[in-house]
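Worksheet for the structure shown next.
In what follows, chains are A, B, ... by sequence order, proteins preceding strands, each numbered from 1.
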Amino acid sequence: MQILKPIRQRFRTVLEKLLDDPALVESSLERIVPSRDPSLADYQANIAMPLQKVLGKPPLEIAQSVVSGLDLSDICQSVSIAGAGYINLRLSPSWLAAQLEAAYRDEHLAVTKVDAPKTIVIDYSSPNVAKPMHVGHIRSTVIGAAIAHVLRFLGHKVITDNHLGDWGTQFGMIIYGYKNFCDQEAYKKHPVAELSRIYRKVQAISGYQESLAQTPKLEQAVEFARKRVEQVQTKLAAAPADKKIAKELATAERQVTTAIEELQSNHKKIEESQQDTLLMAESDTHPAIYEKVLAETAALHHGDIGNLKLWNEFLPNCRQEIDTIYRRLNVQFDHWYGESFYHEMLGAVVEDLFAKNLAVQSDGALCVFLDGFDSPMIVRKQDGAYLYATTDIATAMFREREFSPDISLYVVDHRQSDHFKKLFAVLEKIGLGHTDFRHISFGTVMGTDGKPFKTRSGSTVGLESMLDEAVARAMEVVCNPERLTGVGIQMEDQEKEQIAQVVGLGAIKYADLAHNRTSDYVFDMDKMVRLEGNTSAYIQYSYARIRSILRKAQEKGYDPSGWADSSLQLTEPSELALALHLVRFEEMLHQSMQEYTPNLITEYLYDLAKLFSSFYDQCSVLSASNANEVSSRLKLSSVVAKTLRVGLDLLGIGVVERM
RNA sequence: GGGCUCAUAGCUCAGUUGGAUAGAGCAACGGAUUUCUAAUCCGUAGGUCGUAGGUUCGAAUCCUACUGGGCCUGCCA
């Protein structure tokens with residue numbers, strides 16, 4: 001269902017006669033857009049005003065000459081000129097009805113496949129196995145999966161790859177922990193749980209020791225910041241009117257506060273750890289644990305047979321844990337090329353960079369220096385170990401060989417944007433510039449305290465329990481007996497459970513997708529699971545109501561094949577508003593993929609649900625004035641239901657037949 | 001020090017890439033219900049789009065400066 005394309009085509013023939021410059025024709029065509037104010041128009045062409053200088057005529061006159069040459073009679077019921085020279089288009093009901101007929105008959109809602117499909121690699125989710133997954137990972141997972149679905153739906157060749165962190169220091173932790181803290185009985189019984197316990201144990205000891213080591217540095221930082229304040233104060237005393245110095249003072253004072261806060265939270269962490277006598281004893285017997293962890297990691301990387309054997313043994317167990325999450329979230333990947341997959345290629349990659357003079361020795365490390373960046377991209381550390389930057393280069397090279405993508409998307413939070421800028425610059429230098437590499441960054445997941453969630457702080461919310469809670473809350477709200485009796489629905493526990501799953505998990509995904517991708521995202525369970533306003537539950541509820549009407553219609557003797565043959569009559573304002581919104585589905589999907597912003601999809605679906613509620617309130621379907629009208633409205637409702645279902649499905653959110 | 005990013009209604013957020021009178025939800029207030037499922041609908045109120053300039057037919061959107069947050073900034077990812 002394309003609206004703008006045929007309309008623009010008509011404008012093109014007129015504009016080409018009017019304008020000599022083809023570029024001007026194109027830019028004018030792009031000014032034909034959906035109207036912001038539905039009371040004025042459905043679509044508007046803002047082309048006359050910018051042309052007034054080019055053509056040397058008043059905009060109203062230009063608009064007039066465009067309109068007089070324009071034939072849109074089959075698509076629009078009116079074409080008018082208003083205001084400063086806006087050309088307002090109102091679509092005709094019969095044209096809308098014809099479009100909806102097509103959508104009604106097609107499982108893909110008559111969405112056309114793109115003319116030139118692109119090969120698109122999407123790297124998303126990419127958690128570190130062994131480290132417990134936390135709320136931060138869900139955003140990459142949910143956004144990435146949605147983008148992949150939509151691009152595929154539009155006809156692109158999409159390849160999804162979960163770039164698992166399966167080769168890093170966390171395995172050193174588990175290996176060290178396994179060798180020193182493992183309860184073999186527990187490990188045999190529940191390997192996943194025991195490995196997770198071991199990991200947390202080593203993490204705790206290492207964290208405590210690091211805090212201790214940090215203390216003098218933090219104290220120094222406070223001291224330093226205070227001295228700086230004094231310095232600036234004397235400077236300001238000498239020149240009290242200088243605004244720059246006053247600002248400098250404010251900055252310096254803030255730095256003191258931050259430094260003190262950091263020191264205090266460090267103290268707090270230490271004190272908390274010291275309450276744990278077992279932890280203290282273990283810390284004593286395992287001094288400098290982090291160095292030992294790094295040694296285990298290095299041994300693994302250098303092919304130590306024992307560690308490699310352990311790694312091979314642990315990995316499936318760690319995978320199992322995240323697989324459970326993916327199964328619950330219903331997220332799949334085409335490939336799971338984790339970091340370990342690239343391990344053997346790294347040496348060659350670095351040598352190649354060195355041979356091409358891109359990488360140079362600096363302070364014992366091998367670095368790629370880039371124009372416009374203060375700091376280089378380090379591809380090999382002093383100790384000879386490789387870094388994520390190295391792996392990322394190898395990964396891009398591998399993907400080029402394997403898939404030769406036109407577009408390569410990395411769905412990773414915005415804190416890594418510097419890293420990706422450098423990475424893309426390097427990739428360009430090594431000859432991958434033909435691929436459109438894009439960092440699909442998203443806002444940090446914040447706690448309710450307004451501070452970023454951090455894995456290292458320890459107190460992360462487990463993803464499993466978070467999902468469980470969402471489901472439980474959905475159960476309370478949707479399936480409470482009082483409500484179900486009120487709306488006259490009886491159901492078995494099994495159906496209730498299924499509804500709670502769909503609604504609860506949908507709520508979490510929807511909350512993640514509904515925010516502008518680039519904004520920071522405050523994780524607030526209360527808000528996520530609230531089932532009113534702009535939430536998935538409201539949309540799912542609209543769907544369930546439509547399904548209920550369709551069922552009732554059949555009980556009343558209206559057969560689906562009967563309303564399929566009937567013609568759509570769009571007369572009431574709420575019907576027309578609904579129809580207009582429905583035919584924009586394809587346009588909206590393209591819009592949302594232009595900058596990869598799924599929130600345009602949630603917004604569309606929410607608006608659609610609202611428009612349906614309004615229609616539902618104003619136009620009775622089953623009690624319409626005659627059988628034709630009933631059939632027409634059943635058909636319209638069917639298209640709404642299908643659009644809601646397909647739209648939610650693209651976001652990875654399900655629907656239920658009743659709720 | 002350098003760089004990136006954000007600031008919109010009391011709160012949470014949109015804002016179609018520069019278009020007409022800046023929009024939703026929540027909260028508040030008023031109305032609608034013998035319901036095709038009221039998790040609803042209709043209405044009222046709420047704004048110097050952080051501040052000051054600039055660019056032009058036209059700015060929340062673009063450029064500059066300023067204010068205030070967040071993030072990154074050579075061997076973690």
Side-chain angles (χ1 to χ4, degrees), chain A residues 30-31 33-37 40-41 44 46 48-50 52-53 58-59 82-86 88 126 128 165 168-169 243 247 250 339 362-367 372-383 385 387-389 391-392 412-419 421 441 443-444 446 450-452 455-456 477-478 483-484 486-489 514-516 518-520 522 524 527 530-535 537-538 540-542 544-546 548-553 556 587-588 591-592 594-595 597 599-600 603 606-607 610 613-614 616-618 620-624 633 637 658-659:
Chain A
E30 276 173 26
R31 293 179 195 281
V33 293
S35 174
R36 283 192 170 182
D37 187 347
L40 296 170
Q44 57 181 339
N46 310 321
M49 295 81 85
Q52 59 184 307
K53 277 201 173 161
Y86 301 94
N88 287 338
S126 307
N128 287 317
T169 315
K243 279 186 182 172
K247 195 189 156 189
E339 288 175 343
S362 172
D363 291 344
L366 210 53
C367 303
F373 294 95
D374 290 342
S375 56
M377 176 171 240
I378 299 174
V379 292
R380 197 176 66 198
K381 296 198 282 183
Q382 282 177 333
D383 63 5
L387 302 98
Y388 62 102
T391 312
D392 281 346
V412 180
D413 84 79
H414 78 277
R415 281 176 291 193
Q416 291 189 40
S417 56
D418 245 29
H419 163 65
K421 272 185 201 154
S441 70
T444 314
M446 314 285 266
K451 287 182 181 167
T455 345
R456 286 181 189 165
V477 182
V478 182
R483 176 180 174 269
L484 289 179
V487 295
I489 297 176
H515 289 84
N516 182 317
T518 54
S519 316
D520 280 349
V522 177
D524 185 342
K527 273 195 115 165
R530 190 179 297 174
L531 304 177
E532 53 190 2
N534 186 6
T535 66
Y538 176 84
Q540 288 164 324
Y541 174 66
S542 301
R545 283 204 294 187
I546 299 173
S548 170
I549 294 173
L550 299 180
R551 280 194 303 273
K552 285 228 162 89
K556 282 192 164 191
E587 182 181 299
M588 173 282 297
Q591 184 80 46
S592 110
Q594 207 164 330
E595 292 296 330
T597 47
N599 68 309
L600 293 185
E603 194 182 318
Y606 180 53
D607 286 340
K610 274 196 293 188
S613 288
S614 194
Y616 178 90
D617 190 65
Q618 284 150 39
S620 178
V621 176
L622 295 176
S623 317
R633 286 178 181 171
S637 301
R658 54 182 195 165
M659 62 187 273

Is there a donor-acceptor contact under 3.5 Å from the side chain of [X] to the main chain of [Y]?
| X | Y | answer |
| --- | --- | --- |
| A:Asn516 | A:Thr518 | yes |
| A:Gln416 | A:Asp413 | no |
| A:Ser637 | A:Arg633 | yes |
| A:Gln44 | A:Val33 | no |
| A:Ser623 | A:Ser620 | no |

What's [X] touching, base or sugar-phosphate or nothing? Going by heavy atoms closer than 4.0 Å.
| X | answer |
| --- | --- |
| A:Ala365 | base |
| A:Gln382 | base |
| A:Ser548 | base |
| A:Asn599 | sugar-phosphate |
| A:Ser623 | nothing |
| A:Gln52 | base |
| A:Lys556 | nothing |
| A:Met377 | nothing |
| A:Val478 | base |
| A:Tyr541 | base |
| A:Leu387 | sugar-phosphate |
| A:Glu30 | nothing |
| A:Asn534 | sugar-phosphate |
| A:Val621 | base |

Look at the side-chain N and O atoms of [X] and state whether any lies under 4.0 Å from the OP1 or OP2 oxygen of [N].
| X | N | value |
| --- | --- | --- |
| A:Tyr388 | B:A77 | no |
| A:Lys53 | B:C57 | yes |
| A:Lys552 | B:U37 | yes |
| A:Arg36 | B:A22 | no |

- Message: Testing the 3.5 Å rule here: is there a donor-acceptor pair between the side chains of A:Ser35 and A:Asp37?
- Response: no
Whole-Å distance separating the [atom1] atom of [X] from the [atom2] atom of [N]:
| X | N | atom1 | atom2 | result |
| --- | --- | --- | --- | --- |
| A:Gln416 | B:U73 | CD | C1' | 14 Å |
| A:Arg658 | B:U37 | CZ | C1' | 11 Å |
| A:Gln44 | B:U17 | CD | P | 10 Å |
| A:Met49 | B:U56 | CE | P | 17 Å |

For [N] and [M], measure between their [atom1] atoms and round to the nearest Å.
| N | M | atom1 | answer |
| --- | --- | --- | --- |
| B:G70 | B:U61 | P | 24 Å |
| B:G46 | B:A24 | C1' | 14 Å |
| B:G54 | B:G69 | P | 28 Å |
| B:C11 | B:G50 | P | 14 Å |
| B:U17 | B:G1 | P | 38 Å |
| B:U21 | B:C49 | C1' | 15 Å |
| B:C36 | B:U48 | C1' | 48 Å |
| B:G23 | B:U16 | P | 13 Å |

- Message: Ignoring hydrogens, what is the shortest heavy-atom contact between A:Val478 and A:Leu484? Give both atom names and the distance.
- Response: O-CD2, 3.8 Å
Of the listed nucleotides [options], the one nearest the side chain of [X]:
| X | options | answer |
| --- | --- | --- |
| A:Asp374 | B:G2, B:C41, B:C75 | B:G2 |
| A:Asp363 | B:G74, B:C42, B:G25 | B:G74 |
| A:Met659 | B:C72, B:A39, B:C41 | B:A39 |
| A:Ser613 | B:C42, B:C36, B:U40 | B:U40 |
| A:Ile549 | B:A14, B:U17, B:U37 | B:U37 |
| A:Ser375 | B:C41, B:U37, B:G74 | B:G74 |
| A:Lys381 | B:C57, B:C76, B:U37 | B:C76 |

- Query: Taking the six-membered ring for Trp, does A:Tyr616 stack with B:C41 (centroid gap under 5.5 Å, planes within less than 30°)?
  - Reply: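 It does not: the ring fails the test against the base of B:C41.
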- Going by 5.5 Å between centroids and 30° between planes, is there a stack of A:Tyr86 over B:A20?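 One would call A:Tyr86 stacked on the B:A20 base.
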- Query: Closer to the 5' end of RNA chain B via nearest nucleotide, is it A:Asp418 or A:Leu600?
  - Reply: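 Nearest-nucleotide comparison on RNA chain B picks A:Leu600.
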- Item | Nearest-nucleotide 5' precedence on RNA chain B, A:Ser35 against A:Ile489 |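 Comparing both residues, the 5'-ward one is A:Ser35.
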- Message: Under the criterion side chain to side chain donor-acceptor pair (under 3.5 Å), I'd like the reasoning laid out for A:Ser613 against A:Tyr538: C-alpha separation, chi angles, the key distance, then a yes or no.
- Response: CA-CA 10 Å; A:Ser613 288; A:Tyr538 176 84; 3.1 Å; yes
- Item | Runs of at least three consecutive pairs that involve RNA chain B, where pairs are Watson-Crick or G-U with distances under 3.5 Å |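 RNA chain B stems, ordered by first number: B:1-7 with B:67-73, B:10-13 with B:23-26, B:28-32 with B:40-44, B:50-54 with B:62-66.
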- Is a donor-acceptor pair below 3.5 Å formed from side chain A:Thr535 to base B:G25, judging by atom type as modelled? no
- Message: Between the base of B:A77 and the side chain of A:Asp413, is one N or O donor paired with an acceptor at under 3.5 angstrom?
- Response: no
- Query: When you check every protein heavy atom under 4.0 Å of nucleotides 6-13 of chain B, what one-letter string (B, S, -) results, 5' to 3'?
  - Reply: ------SS
- Measure the spacing between CZ of A:Arg483 and CE of A:Met659 and express it to the nearest 0.5 Å.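 Between atom CZ of A:Arg483 and atom CE of A:Met659 there are 6.5 Å.
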- Query: In terms of the angle between their ring planes, are A:Tyr388 and A:His419 parallel, tilted or perpendicular, with boundaries placed at 30° and 60°?
  - Reply: tilted
- Looking at the angle O4'-C1'-N9-C4 for a purine or O4'-C1'-N1-C2 for a pyrimidine, is B:U51 syn or anti, with syn meaning within 90° of 0?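 With its glycosidic angle more than 90° from zero, B:U51 counts as anti.
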- Residues A:Leu550, A:Ile546; criterion side-chain contact (heavy atoms from CB on, under 4.5 Å); working and verdict: CA-CA 6 Å; A:Leu550 299 180; A:Ile546 299 173; 4.2 Å; yes
